[in-house]
Each structure stands twice: as structure tokens, then as C-alpha cells.
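Predicted model, so just to flag it, every value in this text is computed and none were measured.
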Amino acid sequence: TRSTRPQRMLKAVQKKATKGDPESVISAIDYFCKHSEWAMNVGDEKGSILDSVVTEVNPSTVLELGTYCGYSTVRIARLLSPGTKFITLEFNPANVTIARQIIAYAGLQDKVTVVEGSSGDLIPQMKERFGITTFDFIFLDHWKDRYLPDIKLFEECGLLRKGSVLLADNVICPGAPEYLEYVRNSPRYESRYYPAHLEYTKVEDGLEKSVFLE
Ligand SMILES: O=C(CSCCNC(=O)c1cc(-c2ccc(F)cc2)cc(O)c1O)c1ccc(O)c(O)c1
Ligand SMILES: [Mg+2]
């Protein structure tokens, strides 16, 4: 049967990138998405903003929601200090299989744990299953209608501390209007919008960075 887009993306990485070199894996995926097939990776423009926020926060604990093929996982993992705890959640088992291979090709398999399941089920298990007390940095890039319920879940589960940074992709396209309204109007967050474009297009999109104040 016909291959899937993630499978073709993995093939492009194995063909074009250098094993153990995260930069070449990132470039190979961006090239594939620009010249072969569009895919919903955060991309190079928003990816550079992600890089700068991760570098600024220099987190000890990181959570990514929505691994997809592992592009942003590689972007984040390549910047982390040794000993950082990094967990990424993916709902789709086929994506988990591809992401693990792309992350391993970049040589970053020891830096991150890819967990299959839904954020709604897994977030309440973070403390007991992964020994997390709070997250220093969270990247939201999963179902856009899960951003708001999941940030409330982080609060309820006591997974945020004063200064925790949440960075949300696609707040304009496809959009997360309820999430934006919440973080921009809640006294518990200091929010800032980083304008950019939908990956590999000229369509307006951007990232919202929100710092937990409580
Ligand atoms: O990862 C998933 C699967 S949903 C993929 C989310 N991402 C998107 O939908 C997404 C979509 C677009 C886009 C698509 C078509 C367009 F025309 C325009 C934009 C762009 C992006 O950058 C995206 O991130 C997951 C689900 C539940 C969980 O609880 C969990 O933990 C994880
Ligand atoms: Mg996205």
C-alpha cells in the first residue's frame, strides 16, 4: 500500500541527513517540506523563535504536546543541557514510530522520552509515572482545541511553578482563540505574541509565550 507522508519524510532524512547530526536532520525535513510535500512541522521561521525561547529558559524539565514526526523534538533536544528531563506526547502510534526513528537518527534518543497517548490522560500521570514535580518549559503543538483544557489541567495538577514558560504554536492558524483569550486575560500569566507565518507558507501565524506568575 502507498507510504504515508511521515514515512516519506523519514526516508528523506535517511537519504539527505548525516547520522548523529541534528542540524542536518532539521535541514533535511525543511527541504522536504519546501520542495516535496508540506507537513505540519513548526518549521524554520517559528523554529528559530522556539530555539531562542528554549535557550533563554534553559529548562531542567520540558514537556512537548504533539510530537508528530519529531522535528520540534529534535530542535528542542539539541539545545538542552545534559541531565534535562524532556518528555514528548503523541496521540498517533504511527507518528510515534516515525518520530522515534527521526530522533534516533539525530542521535538524541537519550535526551527525550516519546510517550504514546493523549495529553488529557497523560498529564495527570506526570508526577507518579515520570517523577516530575513541575515543568520549566512546555511546548503546545497538539490538537488546537486541547490547548485550553490542558493548561487548566497543568494548573490543577500543580505542574506549573512561578516562572514556568508555555509556548504555543498555531495560535492564529489553525488557531486557538479560547486559549489566547484565557492566557491574555488571566492575571496568572504574562503573555507575549511572536508574529511569524504558518510553516513553509506566507499565511499569517505565530507563537504565544505565556509565563506563569503564581
Ligand atoms: O499530535 C497530536 C495529533 S494532532 C496534530 C496537531 N497539529 C496540528 O493539527 C497542526 C495543523 C496545522 C495546519 C494544518 C492544515 C492547515 F491548512 C494549516 C495548518 C499546522 C500545525 O503547525 C499543526 O501543529 C495530538 C493529539 C492529541 C493529543 O492529546 C496529543 O497529545 C497530541
Ligand atoms: Mg504546529
Side-chain angles (χ1 to χ4, degrees), residues 20-23 25-26 41-42 46-93 95-143 146-147 149-169 183 188-190 207-214:
D21 175 6
E23 301 301 332
V25 168
I26 293 163
N41 315 118
V42 74
K46 289 186 290 178
S48 298
I49 299 167
L50 170 62
D51 289 357
S52 61
V53 174
V54 171
T55 303
E56 170 207 340
V57 175
N58 186 28
S60 302
T61 50
V62 179
L63 177 66
E64 174 182 59
L65 303 179
T67 317
Y68 185 43
C69 297
Y71 173 89
S72 50
T73 318
V74 167
R75 289 200 78 111
I76 294 167
R78 86 193 202 284
L79 298 174
L80 299 178
S81 310
T84 304
K85 202 157 186 59
F86 180 14
I87 297 165
T88 182
L89 308 185
E90 173 53 47
F91 188 71
N92 177 328
N95 291 350
V96 168
T97 303
I98 299 296
R100 285 187 172 135
Q101 294 175 78
I102 287 178
I103 292 160
Y105 199 87
L108 297 169
Q109 67 284 349
D110 296 338
K111 297 261 182 186
V112 58
T113 306
V114 183
V115 182
E116 180 189 331
S118 92
S119 48
D121 298 337
L122 290 166
I123 288 169
Q125 298 178 15
M126 283 296 136
K127 292 190 185 238
E128 63 187 326
R129 234 176 107 174
F130 303 100
I132 297 283
T133 45
T134 56
F135 284 109
D136 297 334
F137 179 74
I138 298 172
F139 181 51
L140 296 92
D141 193 20
H142 60 329
W143 295 134
R146 284 297 318 178
Y147 285 17
D150 286 346
I151 193 171
K152 291 181 173 176
L153 207 45
F154 290 129
E155 293 174 17
E156 285 154 27
C157 298
L159 285 165
L160 304 178
R161 51 109 175 139
K162 185 175 167 46
S164 289
V165 173
L166 296 95
L167 188 66
D169 189 26
V183 290
R188 307 179 77 181
Y189 295 89
E190 184 62 44
L207 301 167
E208 186 82 1
K209 175 187 164 191
S210 306
V211 183
F212 188 63
L213 301 172
E214 203 84 317

Considering only heavy atoms from C-beta outward, does the side chain of Arg188 approach that of Glu155 to under 4.5 Å?
yes

Could you give me the CA-CA distance, side-chain angles and deciding distance for Thr67 and Val96, then say whether side-chain contact (heavy atoms from CB on, under 4.5 Å) is met?
CA-CA 7 Å; Thr67 317; Val96 168; over 6 Å; no

Rounded distance (nearest 0.5 Å) linking atom OG of Ser48 with atom CZ of Arg75:
5.0 Å

Taking all heavy atoms of Val183 and all of Tyr189, pick out the closest pair and write down the distance.
O-CB, 3.7 Å

Okay, side chain of Ser118, backbone of Phe91: is any donor-acceptor separation there less than 3.5 Å?
no

Distance (rounded to the nearest 0.5 Å) between Thr113 OG1 and Arg100 CZ:
9.0 Å

Can you pull out every salt bridge (charged side-chain N to carboxylate O under 4.0 Å, His left out) where at least one residue sits in residues 60-69? Sequence neighbours excluded, please.
none

Side chain Tyr147, main chain Leu140, donor-acceptor under 3.5 Å:
yes

I'd like to check the side chain to side chain donor-acceptor pair (under 3.5 Å) partners of Glu190; sequence neighbours left out, ordered by chain and number.
none

Quick check: do Ile132 and Leu63 have side-chain heavy atoms less than 4.5 Å from each other?
no

Rounded distance [0.5 Å steps], CD1 in Ile76 versus CG in Leu167:
8.5 Å

Mind checking whether Glu116 and Asn95 have side chains closer than 4.5 Å, heavy atoms only?
no

Is it true that a side-chain atom of Ser164 and a backbone atom of Phe135 form a donor plus acceptor pair closer than 3.5 Å?
yes

Between Ser60 and Asp136, what is the shortest heavy-atom contact and its length?
N-OD2, 2.8 Å

Short side-chain to backbone donor-acceptor contact, Lys111 and Ile103, under 3.5 Å
no

CG (Leu79) and CD (Glu56) are apart, to the nearest 0.5 Å, by 12.5 Å

With Val57 as reference, evaluate Thr55, Val53, Val54 under the side chain to side chain contact (heavy atoms under 4.5 Å, CB included) test and give the passing residue.
Val53

Heavy-atom nearest pair, Gly158 first then Thr134, reads O-CG2, 3.7 Å

Heavy-atom check, side chain of Leu122 versus side chain of Arg129, under 4.5 Å
yes

Backbone N or O of Glu23 within a donor-acceptor pair of the Arg78 side chain at under 3.5 Å?
no

Please name the pair of heavy atoms, one in Cys157 and one in Ile123, separated by the smallest distance, quoted to 0.1 Å.
SG-CG2, 4.5 Å

Tyr105 side chain reached by Val74 side chain, heavy atoms, under 4.5 Å
no

Pair His142, Leu89 - check side-chain contact (heavy atoms from CB on, under 4.5 Å), show working.
CA-CA 9 Å; His142 60 329; Leu89 308 185; over 6 Å; no

Got a second to check how far Asp150's CG is from Glu156's CD, nearest 0.5 Å?
10.5 Å

Of the options Leu160, Val165, Val62, which is the one that meets Ile138 in a side chain to side chain contact (heavy atoms under 4.5 Å, CB included)?
Leu160

Within the structure provided, determine whether Leu65 and Arg146 are in side-chain contact (heavy-atom separation under 4.5 Å).
no

Check whether any side-chain heavy atom of Phe139 sits under 4.5 Å from a side-chain heavy atom of Asp169, and report yes or no.
yes

For Leu108 and Ala77, the nearest pair of non-hydrogen atoms, with its separation, is CD1-CB, 4.0 Å

Measure the CG-NZ distance between Leu166 and Lys209 for me, rounded to the nearest 0.5 Å.
11.0 Å

Less than 3.5 Å apart, any donor N or O on the side chain of Asn58 or Ser81 sitting next to an acceptor on the other?
yes

Closest non-hydrogen atoms of Thr84 and Pro59, given as atom of the first, atom of the second and distance, are CG2-O, 3.4 Å

